[in-house]
Amino acid sequence: MTADTSLSSCARAATAAEARFRIDAPVESRNARVVALDEPAAEVLRSVAAHEWAGARFFVCEPGPAGAGAGGEFLLRSIDGTPAVLSSELDGAHVVVMVATQDSGAGCAYAIGKACWERAVMTAGLVLGDGSQTAAVAALRPHARVLLPTADESDLLELLTALRV
Amino acid sequence: MLRPEINELLTQTGPKTPMGELFRQYWMPACLAEELPEDGCPPIRLKLLSERLVAFRDSYGNYGLIDEFCAHRGVSLWFGRNEEGGLRCPYHGWKYDTTGQCLDVPSEADNSSFAENVKLTSYPLVKIGDLLWTYMGDPATQPPLPEWEFALVPPEQTYTSKRWQQSNWLQAFEGGIDSSHVTFLHSGGLKTDPLFKGAKGNEYNLNDTKPFFEVADSEGGLFVGARRNAEDGKYYWRITPWVMPNFTMVPPRGDHPIHGHFWVPIDDENCWTYSFDYHPVRPLSAVERQAMIDGHGVHSENIPGTYRPVANMDNDYLMDREAQKSGAYYSGIKGIAIQDSSLQESMGPIVDRTKERLVPADSGIIKARQKLRKAALALRDQGITPPGVDPAHHHVRSAAVVLPQAEAFLDAARDDVRVKPGMPVASV
Ligand code: FES
Ligand SMILES: [Fe+2]
């Protein structure tokens, strides 16, 4: 085994304290759209939305065919009740997080997942509950690149924080 | 991204730290059984969870793990003489048994009770499988012995190695649940490594580089499912179990032995990576065992007489730029184990997690950190025993299965991720 060990000298000089000087480029927050697919999920969103976010906006997807608006636009409702158009909300979005507690949101998940796919927007899904929400999980699975079935409501807060939105 | 105080919380495992107390709830690998090969053999130094200890096997075959330093004036007992029934400090001759009890203080009068009142800190040391296990917490809450399948199968069906990693345990462990790096960093090995190659599943791996992920809670920790497209509209699932705090398994490939890791903190800037391989049904073949000894698969080729890999920080891990260019080794580093350690050590002794940019594909890591933090705080503030202490939580396996699209991986594979003694693993 011969290797020029002098090459690695700088790498070996690593210390934990020096890590402070690594990656000093500013980190921009990312734009997330968080969409509740049913009413209990909207409840969770309301409490999470109350935190301070740099790039997150929160919506509720109306269940049933009401999601489709005039001109074929898919409509959402912002968490404060004002209407929003899915396609314009996806402009500039980096990730869409869908939150469900039941399978009633399957239609919404399909529409949102498809719109994200077409625009190359990353998708994530959170299914809140005690583990019996298998239909909701199945409904979200094809449309969420990352799916977290969980009993822990704080997972949404944790995920958004970790993603720096 | 983690706040600085959370990064500290998760990476510090010394005595009296919240994470250190969490680790002290569990039976942990202390060393390989081969390190104390016979009665009365030389003692070994062990640093675990930032505590300096010495492990020895006395002349009667009892194992002991005691404070490294002599109670008299602090000499390292690694220099000790392993005599009849105890370890004698060579400086002034104080002698200790495997429980740390001082047996003899030669300078005192023959019938003196002085020695009776001298006792070093000690922890139990128990052989299960190829490992010696210790429990470094409060004796009053010592859990039953661990029941990991790799340690319970007959000796001819299992093999364990270890290597020193020059990084904090957390960044090493995070590699163990990070399914999304396999298609890149380890792609060369899927085609050539004798312990991986030839499995049908490898094709799915290499053909679909953008897996979907599903992260589900388990009793002891998590199951991380990575899903890729298989034929006929089916999904190929690779399921990685994590049992808290530091046990992970790699999903199997074909009929190859199944493997996994323990990531044990030495101190806050070093850890032991234990890598095991076992087959629940049959003995390892001579060829397989030799491949493991030679450092293939998840194992490493170590400098003889040590547990330091031959390819290490001092020689740039024997970087091979030609192999990097040709794709034989995606990163230019040979072998799965060193591919991981080289990159994880390059992050620094303790990576600054306030600066990372996590993506949704990192959800397994995000969730694992959250569970560790919550468990450490629940233990500290409410005395709640963390998941993974109960040996029932040890009965997990990884799995690699092809499922219809509509089936939830945990429902369909619930049986596959449980240990069924003597039954094969679910693998393609
Ligand atoms: S220091 Fe050990 S006997 Fe004196
Ligand atoms: Fe790896």
Side-chain angles (χ1 to χ4, degrees), chain A residues 1-9 11-12 14-25 27-30 32 94-97 122-127 131 133-152 154-155 157-165, chain B residues 1-4 7 11 166-168 210-217 225 227 235 268-269 301 303 310-319 342 345-367 369-371 373-374 405-411:
Chain A
M1 293 297 158
T2 55
D4 184 350
T5 52
S6 67
L7 291 176
S8 67
S9 307
R12 290 177 61 200
T15 64
E18 166 256 319
R20 274 182 288 138
F21 307 114
R22 296 185 179 196
I23 325 177
D24 242 356
V27 182
E28 282 158 25
S29 66
R30 265 171 302 182
H94 298 117
V95 59
V96 170
V97 181
M122 183 73 189
T123 49
L126 225 77
V127 179
Q133 290 67 23
T134 46
V137 173
L140 261 182
R141 179 170 294 117
H143 311 295
R145 278 239 156 236
V146 175
L147 194 54
L148 290 119
T150 178
D152 189 347
S154 68
D155 274 14
L157 187 64
E158 300 273 351
L159 179 68
L160 296 178
T161 305
L163 295 179
R164 295 178 183 273
V165 302
Chain B
M1 196 254 319
L2 283 185
R3 294 202 304 277
N7 199 34
T11 53
Q166 293 172 266
S167 81
N168 182 263
K210 282 190 187 297
F212 283 59
F213 292 102
E214 213 157 305
V215 182
D217 284 297
R227 163 188 128 206
Y235 290 143
D268 293 345
E269 300 192 0
E301 184 189 354
I303 297 169
V310 168
N312 59 53
M313 193 183 281
D314 292 350
N315 53 28
D316 277 335
Y317 311 91
L318 307 174
M319 165 61 86
S342 57
E345 291 179 358
S346 81
M347 295 157 82
I350 305 175
V351 69
D352 181 352
R353 291 180 175 77
T354 64
K355 294 185 170 172
E356 59 192 5
R357 296 175 201 222
L358 298 180
V359 293
D362 296 315
S363 291
I365 289 172
I366 294 170
K367 181 102 195 212
R369 292 176 185 173
Q370 171 192 345
K371 289 186 81 106
R373 188 195 78 223
K374 287 190 172 174
Q405 285 198 1
E407 284 187 57
F409 87 92
L410 263 191
D411 287 340

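Keep in mind that this is a model prediction, so the values were computed, not measured. Reminder, nothing fancy here: chain letters follow the sequence lines and each chain counts from 1.
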Below 4.5 Å from any heavy atom of chain B, which atoms of [X] appear? Answer side chain, backbone, both or neither.
| X | value |
| --- | --- |
| A:Val27 | both |
| A:Arg164 | side chain |
| A:Ala151 | backbone |

Contacts of B:Arg227 that satisfy salt bridge (charged side-chain N to carboxylate O under 4.0 Å, His left out) - sequence neighbours left out: none
[X] versus chain A, the contacting section by heavy-atom distance below 4.5 Å:
| X | answer |
| --- | --- |
| B:Leu358 | both |
| B:Glu356 | backbone |
| B:Gln405 | backbone |
| B:Pro4 | neither |

Are the side chains of B:Lys355 and A:Asp24 in contact, using a 4.5 Å heavy-atom criterion? yes
Can you find a pair of side-chain heavy atoms, one from B:Glu214 and one from A:Leu148, that are under 4.5 Å apart? no
The single option from B:Lys367, B:Arg369, B:Lys374 that satisfies side chain to side chain contact (heavy atoms under 4.5 Å, CB included) with A:Glu158 is B:Lys374
To the nearest 0.5 Å, tell me how far [X] [atom1] sits from [Y] [atom2].
| X | Y | atom1 | atom2 | answer |
| --- | --- | --- | --- | --- |
| B:Phe212 | A:Leu147 | CZ | CG | 10.5 Å |
| B:Gln370 | A:Thr150 | CD | OG1 | 7.0 Å |
| B:Asp217 | A:Asp155 | CG | CG | 7.0 Å |
| A:Glu18 | B:Asp352 | CD | CG | 10.5 Å |
| A:Leu163 | B:Ser363 | CG | OG | 6.5 Å |

Measure across A:Pro149 and B:Val215 and return the closest heavy-atom pair with its distance rounded to 0.1 Å. CD-O, 3.0 Å
Hey, which of [options] has the most heavy atom pairs under 4.5 Å with chain A?
| options | answer |
| --- | --- |
| B:Ile366, B:Asp268, B:Val351 | B:Ile366 |
| B:Gly348, B:Ala361, B:Pro360 | B:Pro360 |
| B:Phe213, B:Tyr235, B:Tyr317 | B:Phe213 |

Between A:Asp152 and B:Lys371, is there a side-chain N and carboxylate O pair less than 4.0 Å apart? no
Heavy atoms of other groups near A:Arg22 CZ, more than 12 under 6.0 Å: yes
Between A:Arg30 and B:Arg357 (side chain of the first, backbone of the second, donor and acceptor by atom type, cut-off under 3.5 Å), is there such a pair? no
With sequence neighbours excluded, what pairs up with B:Glu269 under the side chain to side chain donor-acceptor pair (under 3.5 Å) test? none
